[in-house]
Number of protein chains: 2
Amino acid sequence: MHRVVILGGGFGGLYAAKALRRAPVDLTLVDRRNFHLFQPLLYQVATGSLSPGEIAEPLRAVLRDQKNARVLLGDAVDLDAQNRRLILADGELPYDTLIVATGAQNYFFGHDEWRKIAPGLKTIEDATAIRHNLLLAFEEAEREPEPERRRAWLTFVIVGAGPTGVELAGALAEIAHDTLRHDFRSIRPEESRIFLLDASPHVLSTYPQSLSIQAERSLIKLGVRSRNGVQVTSIDAHGVTLQTPSGPDRIEARTVLWAAGVAPSAFGKVLANRAGATLDNKGHVIVDPQLTIANHPEIFVIGDLGHVEQNGKPLPGVAPVAIQQGSYVARATIRRLSDRPVKPFRYFNKGSLAVIGRRAGVADFGRLRFHGAIAWLLWLFVHLMYLVQFRSRLIVFIRWGFQYVTFDRGARLITGTENPPPSN
Amino acid sequence: MHRVVILGGGFGGLYAAKALRRAPVDLTLVDRRNFHLFQPLLYQVATGSLSPGEIAEPLRAVLRDQKNARVLLGDAVDLDAQNRRLILADGELPYDTLIVATGAQNYFFGHDEWRKIAPGLKTIEDATAIRHNLLLAFEEAEREPEPERRRAWLTFVIVGAGPTGVELAGALAEIAHDTLRHDFRSIRPEESRIFLLDASPHVLSTYPQSLSIQAERSLIKLGVRSRNGVQVTSIDAHGVTLQTPSGPDRIEARTVLWAAGVAPSAFGKVLANRAGATLDNKGHVIVDPQLTIANHPEIFVIGDLGHVEQNGKPLPGVAPVAIQQGSYVARATIRRLSDRPVKPFRYFNKGSLAVIGRRAGVADFGRLRFHGAIAWLLWLFVHLMYLVQFRSRLIVFIRWGFQYVTFDRGARLITGTENPPPSN
């Protein structure tokens, strides 16, 4: 039986596995984690709207009924491309076809010391750490009598105004102005300041400019202070130092969140060293039009790790690209098994969506562009439909419904080891 | 304004705070955590049925509309009983009435080295750590080719057969036999062995013997191996050593859970040292019939920390006792403010309930005793009614409904720092 190993259970890997369900292959999906994470909703966990369990699904549950598939919890550390063996931290896995879908990780532009101060948003642990920081900041402000220090606790800086930064800023503005309005006695949460920083001249710089400007208007309505064309030169425990067109500046803030950049996962380097793959300047693996690497037609690279160009531009690192690539490599594998020819991969862009707070968003479908409540509703619909399993879908829908009516956020728990457990 | 400080936001503290909502007092609720935890359902988080957010409610949200109350995130480290000041790690809090409701913590009978190997079940972090251990054990077994080592990964030991131990054992048996049945390829989860150990001659030893025996029958039906009259003499990373009536014994097991005992919180010692309170041999604070300590009628002690006898026996450390005591001290405080006499506290026992797996349970209402499906339904009803807020109640109800029909558990995520984040 033809052995297919898929490395990574994100959108790319999972959709590849599912599209192979009727194929005559022996399939192994390897991941470090036991669950698929619906990353586009991670910011809702970070801001207390959803619980981790609601945007994650155990990989074993998703593939339970797929008899040709097994799931292995494992950490891929190396590759023996010659003998077609994936090297795990505690074993080896032979393959005939390898599909690498290890995605991306937070990237701090070489300033790894910022990682601890300004958490990014790629994992469940990132999201609960951010939730912890956000909620604790309000608690600290409530107890802080000194006005300047209180102000620093109530100042939130988000670095990066792409979709993640914009969605975080919108949700945070709602928390500050609506959800927590009546929760505190000494401070007024609506005093809090939310800065959204970006080096580009507009928020959502990959969107058409008309939508960027609409998004900025929605953010301003929510009280978010968007500052564009600025560069962060340093981050410390008490704030952020900037380079602006008019000189250096400083924002005193106790909470800084990182939404500025991701880098491809480190497995790209393994592919370069062990299989002769070529990397682009950011570390993405450059693949041919069939999404395989040179001289190794049995190794596919899909999703955020891959670099493939279409119409002269690299495809963006978003879920729809990974999903379509996952399905494509599954079909390609099946066709090859019966020696049928395989067409090059083409990405069909169904559009981009970003949401800003409770009732605004932007949607770009090429010629069709929406903003405001219509874009928000579209976002809601698309994300509910994509949530992998029915149970999650219903529960998330009910939770959102409640929240929409009550302005309440159920998952506002400060947990984790940073806070001592109650033993007094 | 009369200043009431409540230390602890568990059942006792929260019900005291709520019962003071119309009282002419200035109320401060202090807790180390920002949420009230519905501890009776903690085992459902540990076994992946519910998410942490579904059994916890932010204290600020619960007391949002109570204008005389404020919530303070704080760590009480000392007491100045003379000047009526509670000493926090970072400040002081003056009071006229102090209500101490700091509860209990895991207790390992002096073997603190067992804590790391055999996690107890008192906090959200405990529950997610247990979930992590349980799910990882199946993953390890799936990869382990050596039969004896695999068997140790599939052996689960629960120390303590009180309600928590019995509920954990029942849920774990279901996971092994139903939920994960089709999830694995190399192992058959129904091969797993679940041991429930207790020094008493029966499980649920505080219940009438007829119900204990029914509970044992239900456990056996679920495949749980109940071993009574045994004492754990040591716990290490590879198993448990026992003293049994017929000599020493050993169970090789990679997962051991602690449900054998709790001890009153350490604040009891502060009350002993600073306010002359008397402690019983386990460290509970002995209180008079009005739940105050000798010579300090302004200091109440309620819930699991207190020792109060009724009909010659100390009241058990269960939620209904804490709830009734919380309401009692609120009424007592109000009556004192208008110089009205205060009757001694009387606990009204509404009954005890424990659930065993999906459709069995035991219920003890004095003369009325139930077991089987009726007890299980009663348990379901009572617990849903007590969940503090409507939103949680509905979501938990829907989740349970799904689970009942599908045998599925949504929150089967292995998270936390013990598992490295995905960066390969």
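Remember, it's a predicted structure, so these values are computed and weren't measured experimentally. Numbers restart at 1 for each chain; the letters A, B, ... are given by sequence-line order, proteins then strands.
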Around Asp65(A), counting heavy atoms of other residues, nucleotides and ligands shown, do more than 12 lie under 6.0 Å from its CG? no
Turns out that what part of Arg185(B) lies under 4.5 Å from chain A's heavy atoms comes down to side chain
In this structure, CZ of Phe35(A) is separated from CG of Leu135(B) (nearest 0.5 Å) by 11.0 Å
Could you tell me whether the side chain of Asp183(B) reaches within less than 4.5 Å of the side chain of Val71(A), counting heavy atoms only? no
Atom group of Asp90(B) that falls short of 4.5 Å from chain A, counting heavy atoms: both
Within the supplied structure, the quantity of interest is the number of heavy atoms (other residues, nucleotides, ligands) at a distance under 6.0 Å from Lys269(B) NZ; does it exceed 12? no
Part of Leu63(B) within contact of chain A (heavy atom distance under 4.5 Å): backbone
Look at Arg70(A), Arg143(A), Glu142(A) and state which one has the largest set of heavy-atom pairs under 4.5 Å with chain B. Arg143(A)
For Leu37(A), is it the side chain, the backbone, both, or neither that has a heavy atom closer than 4.5 Å to a heavy atom of chain B? neither
